[in-house]
Structure formats: structure tokens, C-alpha cells
Amino acid sequence: MLVKVVVLTGAGISAESGLATFRDADGLWQGHHVDDVATPEAFHRDPATVHRFYDDRRRELRSVVPNPAHLALARLEQVLGDELLVVTQNVDDLHERAGSRRVVHMHGELLSALCDSCQGRFAWDDDLGDAPACPGCGNDTLRPDVVWFGEMPYDLDVIERALVEADLFVAIGTSGAVYPAAGFVRMAALAGAKTLELNLDPSETSHLFDDARHGPAGKLVPEWVADVQALSR
Ligand code: APR
């Protein structure tokens, strides 16, 4: 039996690959102020600092690999095909490297650059801090293609349609602290979906889920995917 499944992932799914989350102890927001690196105002005020932060994050991607949780979601796509959509808040490319194809990056991607002049988006795996020319218009106005606080996430229309049609909504490795993603569980539930949280600890929105399992994603996600695979046979 195929079901329509929407999986929302957050930084917790990439933690076991070695990428820091935002709000855990030693998280990125412990060492940096959001207002210094993750707002359009910060970029306007001090582009060098903002570029350094994201250039470091982009370089870090070269030394990490997908973990069993990413790999399990890619296996799930083999079973469910178009009936699965992964919506990620993560700007890393670990879902894609694990083999997932139906992935929406609602907060943008480190491996993409956005031009403030022509609004073009370009695949990018190099630093941006040395003011490279935009491949579209030639201006030196490229910025990280990352959605900052105060900006509109990408593809909300696609996501909302999928949530309304979903039979099952699963949130993995996200604290439930940032909207609109934190509101997806309510939206899916109101439209009739069952909801499941897989997270290290209870998130801020844990109480809104029908079922919540707590532990590392590298263990919980493969277990859950195996259950779905067994039901789909
Ligand atoms: N397995 C499962 N969950 C984990 C693991 C793990 N190994 N390690 C940490 N977690 C959980 C934490 O318990 C926490 O609830 O992952 C969650 C990470 O929360 P955040 O750091 O807040 O990350 P996220 O929810 O993705 O943040 C949302 O905030 O700053 C912005 O744009 C940024 O996309 C990000 C958004």
C-alpha cells in the first residue's frame, strides 16, 4: 500500500555526519549571533563576515558524508517514488548525495549562489568571499543562496500542497523553533495526516505529533523506513 508521505528534516539529521546543529550545545548559534550572519541586514552591514561564515560551511561539506538516516530516506524514495517528498531546512547536500531526488530545500543551499543584481541562482561550490563575478550579469553581487531570518522560504506553495495531500507527516531532527516549518505538523494534521516525530529529544512541538520517538536519527530513521518497507510489500 502506497501512502503520501512528507518528511521534514532539520539539522539533527546531519548531526551524525559531523555537521553542527544550530541550537544544541556547541551548535552554530552558540558561537555566532544570528543577527551577525543570518539576516539581510548583517550582509548589508558586514558582507565579509557573512561570506566567511558560509564559505566555512561550504568547505566543511567536502569532509562529510551522508549517514544511515539520509541513506534510509533515499531507500524510502525507491519504495514510494513520487509519493514521498523530503522537505529539508538544511542547506547541505547530504540528501542528494545519499540518493534522494525529490528534495525541496526550503532554506536554500550552500552549493548555490544568488545574485542580488539579476536574481539568478547558480550552482556554486567555491568561496564567495572574494567577490567573484556573477555568471549571469557579471556584477560582483553574489550572496549565499541561503534563506535568512526575515526572508521568505523557497517553494512554500509546493510544500503546502504536499502537506494538504499527505497521509503521513514525519519530522526528523528539527527543534520546532523556526516557522513556518514548525507549523507544518499542524497544517498536515488539520488536513488529516498522521504525524510522527523522530528526534534526539522532544522538540518544542513534540506534543502536537500523534507519535514521537526519541533517539539518534541514524538509528530511528532506518528502523522506521524498514517498518514502512515491510508494510509496502
Ligand atoms: N538525531 C536526531 N535528532 C538530533 C540529533 C541526532 N543525532 N542531534 C540533534 N538532534 C536534534 C536536536 O535535539 C534538535 O531538536 O535536532 C534538532 C536540531 O535543532 P536546530 O539546531 O534548531 O536545527 P533546525 O531545527 O534544523 O533549525 C531550523 O533554524 O537557524 C535556522 O535556518 C536555520 O534551518 C535552520 C532552522
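Heavy atoms only: backbone and side chains are in, while hydrogens, waters and symmetry mates are out. Both ligands and their constituent atoms are indexed starting at 1 by order of listing.
Contacts with ligand 1 closer than 4.0 Å are made by heavy atoms of both the backbone and the side chain of S175. For V178, every heavy-atom contact with ligand 1 shorter than 4.0 Å involves the side chain, none the backbone. Contacts of Q89 with ligand 1, taken as heavy-atom pairs under 4.0 Å, involve both backbone and side chain.
Of all the atoms in ligand 1, the ones that sit under 4.0 Å from a non-hydrogen atom of A15 are 8 (N). The contact set between ligand 1 and A217, taken as ligand atoms under 4.0 Å from a residue heavy atom, comprises 1 (N), 2 (C), 6 (C).
At a 3.5 angstrom cut-off on N or O pairs, S203 does not count as close to ligand 1. No N or O atom of P216 sits closer than 3.5 Å to an N or O atom of ligand 1. For the pair F22 and ligand 1, the shortest N or O to N or O distance falls below 3.5 Å.
Given atom 30 (O) of ligand 1, the protein heavy atom at minimum distance is W29 NE1, 2.7 Å. Considering only non-hydrogen protein atoms, atom 9 (C) of ligand 1 sits nearest to D24 OD2, 3.3 Å.
Checked against ring-ring contact (aromatic ring centres under 6.0 Å, His included), H107 has no partners two or more places apart in sequence or in another chain. For H214, there are no ring-ring contact (aromatic ring centres under 6.0 Å, His included) partners two or more places apart in sequence or in a different chain.
When each of N199, L220, L73 is tested with I172 by the rule side-chain contact (heavy atoms from CB on, under 4.5 Å), just one qualifies, namely L73.
Checked against a 6.0 Å centroid threshold, the rings of H105 and Y154 do not count as neighbours.
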